Amino acid sequence: MSSAKPQPALFLSKVERRYPQGEGFLEVLRGADLVIWPGEIVALIAPSGTGKSTLLHVAGLLEKPDGGEVYVGAQPTSGMGDHERTRIRREELGFVYQFHHLLPEFSALENVVMPQLIRGLPKAEAQDRAKQLLTFLGLGKRLTNRPGELSGGEQQRVAIARAVANAPRVLLADEPTGNLDPNTADRVFQTLVAIVRASKLAALIATHNLDLAARMDRRVTIRDGLIVQLP
Ligand SMILES: Nc1ncnc2c1ncn2[C@@H]1O[C@H](COP(=O)(O)OP(=O)(O)OP(=O)(O)O)[C@@H](O)[C@H]1O
């Protein structure tokens with residue numbers, strides 16, 4: 001019988017992060033623990049200034065923790081060099097931000113094809129996958145439009161397709177619907193959840209929107225530098 005233990009998609013173990021402040025340090029994360037399992041969508045609801053961006057930066061390997069460890073799948077990352085961290089970011093993590101950061105000169109399709117080419121996929125394969133994703137997200141008729149020709153909600157759906165194009169292990173999203181009106185935010189959120197579920201990813205989604213958070217699998221916050229589970 002197989003004794004393989006289930007493996008978290010993302011595991012933050014006793015993560016510390018501090019910034020110089022005056023003579024001393026501001027301790028933003030003081031030993032934060034967070035496990036996200038494959039297929040789980042976790043809401044991060046944290047008041048401004050408590051360390052939400054810091055946590056996402058550390059989880060996304062954009063900043064190194066001052067203590068503790070970040071595991072992406074089974075891989076501990078703190079001992080890795082920049083090259084390896086960049087590879088993990090490109091291949092195993094997907095990012096969605098409040099503002100989409102799409103390339104304005106490129107079509108919706110090209111924006112989703114690009115990260116796959118950078119990863120080394122053949123062009124035809126990358127295009128097929130990009131078309132499938134954009135069609136799944138309701139943009140099948142908008143493939144050749146540039147971001148400037150798309151609505152805010154459509155742009156954000158292209159950004160979601162781009163983030164999941166390389167089938168990452170974990171999707172990290174910072175206020176992905178924060179820039180949209182409530183109805184559009186709701187629709188974009190539904191497509192985000194649908195694609196995360198369909199692709200069996202794990203997701204950590206920072207949001208101030210409690211209605212959206214209530215529809216995720218689990219909710220956490222940051223209190224005194226620690227991750228605390230919410231009901
Ligand atoms: N590079 C830095 N140098 C010094 N202090 C920093 C740095 N980055 C963040 N901080 C401080 O760390 C604390 C947490 O910042 P962080 O950006 O993680 O908060 P946040 O919860 O994301 O807030 P918001 O929701 O307003 O973006 C803040 O007090 C901030 O001023």
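All values derive from a computational prediction rather than experimental measurement. Counting convention: from 1, in listed order, for ligands and their atoms alike.
- Taking the ring-ring contact (aromatic ring centres under 6.0 Å, His included) definition, one finds that Y97 meets it with H101, sequence neighbours left out.
- F95 and L171 get closest at one heavy-atom pair: N-CD1, 4.3 Å.
- Residues that satisfy the salt bridge (charged side-chain N to carboxylate O under 4.0 Å, His left out) test with D66, not counting sequence neighbours, are R17.
- Closer than 4.0 angstrom to ligand 1 by heavy atom are Y19, L26, V28, P47, S48, G49, T50, G51, K52, S53, T54, sorted by chain and number.
- For T177 (side chain) and L180 (main-chain N/O), no donor-acceptor pair under 3.5 Å exists by modelled atom type.
- Counting only distance, with no hydrogens or angles, the side chain of N111 and the backbone of L103 share a donor-acceptor pair below 3.5 Å.
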All N/O donor-acceptor pairs, side-chain side in residues 222-231, below 3.5 Å, sequence neighbours left out:
residue : atom : partner : partner atom : Å
Q229    : OE1  : R218    : NH1          : 2.8

